[in-house]
Amino acid sequence: MTDSMPTVGIKDVAREAGVSVGTVSNVLNQPSRVSQQTRRHVEQVIARLGYVRSESARQLRAGRSRVLALLVLDMGNPFFVDLARGAERTARDAGLAVMVCNSGQNAKEEAEYLDLFAEQRVRGVLVTPADPSGQSLLRFRRHGIPYVLVDRVAGDAEGCSVSVDDVAGGALAIHHLTGAGHRSIAFISGPPHLQQVQDRRTGALVALAQAGLPPHALQEVPTERLDVAAGRDAGARLLGLAERPTAVFCANDLLALGVLQFMYTAGIKVPEEMAIVGYDDIEFAAAATVPLTSVRQPARTMGAMAAGLLLQETGDQADEHRHEHVVLQPELVVRGSSLPAR
């Protein structure tokens, strides 16, 4: 059995380089305080010995972690990938890293990740909640770690939030379809406990009323997930409705792409026989066989703004920080999947 190599410490580097521990520390943390010749010599010793500084020890000394945590509903959804990129860019510009985790829209997994963040003493958390009761975050508060809600409006004054007006987004989609002449529309929803789904439905119903149509003009086809496979299944159920609608509004683009795939397989022409509108405007929306009309959310902007608010709350001016609730406006991007009804 081969013995494991001993860990090289900062004292080993100092002894090998013939300098003080303080000099090695300055090379690592404040290189401008060390002469160029000494710095190069110490760096060569560090490289030769394979020294890697203990980030956890450094954080304990500084009293502040250099890691933000990001907990989203589904990293399989390109919307959350873009959101993560926005947060990561802001964090990196501040010299921090982002640990990205996926709750899978599961309240239990969300609670487990929040416990992990507390154990790791992360600097702060960006979270799109999966637990409709809010109990996971309520328990997390006792650790005193700041958090910012992303893609969700905070219901109290305990933290910041960055979201999009999903009621307005749902209304945009339905106004577009009713304006094109559709009078019977399906809503392919997602898990009913998700606030985003509820808000998009609310906006759709508001727009129907404004168009002079009754609530039953919107036929809901629920799904347990917000992915392409669920969209294909919803497409099959959609064609089985007694009164087939002429248009469909989907709670996100992955559902819409699944519906589009099923319509193609079933020989249903889009948009001539079935108009489709999605939500999020992910990159794949424009590249679909029939380019997808979608309600655009500024995902990267949301991630960047949320990370910025968290940095304010955990930075040197934290005492001056005041919680903000930023609500961004969605935008309808019209493409070939929703041409006017004939």
> Does the side chain to side chain contact (heavy atoms under 4.5 Å, CB included) test come out yes or no for R232 and T265, once each step is laid out?
Replying inline: CA-CA 10 Å; R232 287 195 295 267; T265 302; over 6 Å; no
>> Let's go through L149 and S163 carefully: what are the C-alpha distance in whole Å and the side-chain angles of both, what is the deciding distance for side chain to side chain contact (heavy atoms under 4.5 Å, CB included) to 0.1 Å, and is it a yes or a no?
In response: CA-CA 8 Å; L149 299 188; S163 62; over 6 Å; no
> Is there a side chain to side chain contact (heavy atoms under 4.5 Å, CB included) between L71 and E110 once you walk through the steps?
Replying inline: CA-CA 8 Å; L71 181 58; E110 174 183 273; 3.8 Å; yes
Separation between [atom1] of [X] and [atom2] of [Y], rounded to the nearest 0.5 Å:
X    : Y    : atom1 : atom2 : result
T289 : Q261 : OG1   : CD    : 8.0 Å
N77  : N102 : CG    : CG    : 10.0 Å
E88  : L70  : CD    : CG    : 10.0 Å
C160 : M305 : SG    : CE    : 10.5 Å
H143 : E119 : NE2   : CD    : 8.5 Å
S35  : N26  : OG    : CG    : 11.0 Å

> Do you know which of D166, N252, D151 makes side chain to side chain donor-acceptor pair (under 3.5 Å) with Q196?
Replying inline: D151
Any side-chain to backbone donor/acceptor pair from [X] onto [Y]? Under 3.5 Å, distance only.
X    : Y    : value
D280 : F79  : no
D199 : V167 : no
R39  : V34  : yes
R244 : L241 : no
R66  : G95  : yes
S337 : T293 : yes
R300 : G86  : no
T128 : V150 : yes
R200 : A251 : yes
S103 : V72  : yes

Around [X], counting heavy atoms of other residues, nucleotides and ligands shown, do more than 12 lie under 6.0 Å from its [atom1]?
X    : atom1 : result
Q329 : CD    : yes
R33  : CZ    : no
E224 : CD    : no

Shortest non-hydrogen contact from [X] to [Y]?
X    : Y    : answer
G124 : I145 : CA-CG2, 3.8 Å
L311 : L68  : CD2-CD1, 4.3 Å
L218 : A204 : CD2-CB, 3.9 Å
S189 : P222 : OG-CA, 3.2 Å

[Y] and [X], any side-chain heavy atoms less than 4.5 Å apart:
X    : Y    : answer
F262 : L239 : yes
D253 : Q297 : no
L208 : P214 : no
L226 : D74  : no
V27  : V13  : no
L309 : E313 : no
T223 : L255 : yes
R48  : V45  : yes

> Taking the inter-plane angle between the rings of F117 and Y113 on a 0 to 90° scale, is it parallel (under 30°), tilted (30 to 60°) or perpendicular (over 60°)?
Replying inline: parallel
>> Salt bridge check, D233 against R225: does any charged N sit closer than 4.0 Å to a carboxylate O?
In response: no
> Stepwise, does the side chain to side chain contact (heavy atoms under 4.5 Å, CB included) test hold for M99 with V122?
Replying inline: CA-CA 9 Å; M99 173 171 59; V122 298; 4.0 Å; yes
In this structure, would [X] and [Y] fall into the same cluster of hydrophobic residues linked by side-chain contacts under 4.5 Å?
X    : Y    : result
L73  : M75  : yes
V125 : L96  : no
F187 : L213 : yes
L328 : V153 : no
I174 : V206 : no

>> Consider side chain to side chain contact (heavy atoms under 4.5 Å, CB included). Of V228, V248, I276, which one does L260 pass it with?
In response: I276
> Regarding H176 and S338, is there a side-chain donor-to-acceptor distance under 3.5 Å anywhere?
Replying inline: yes
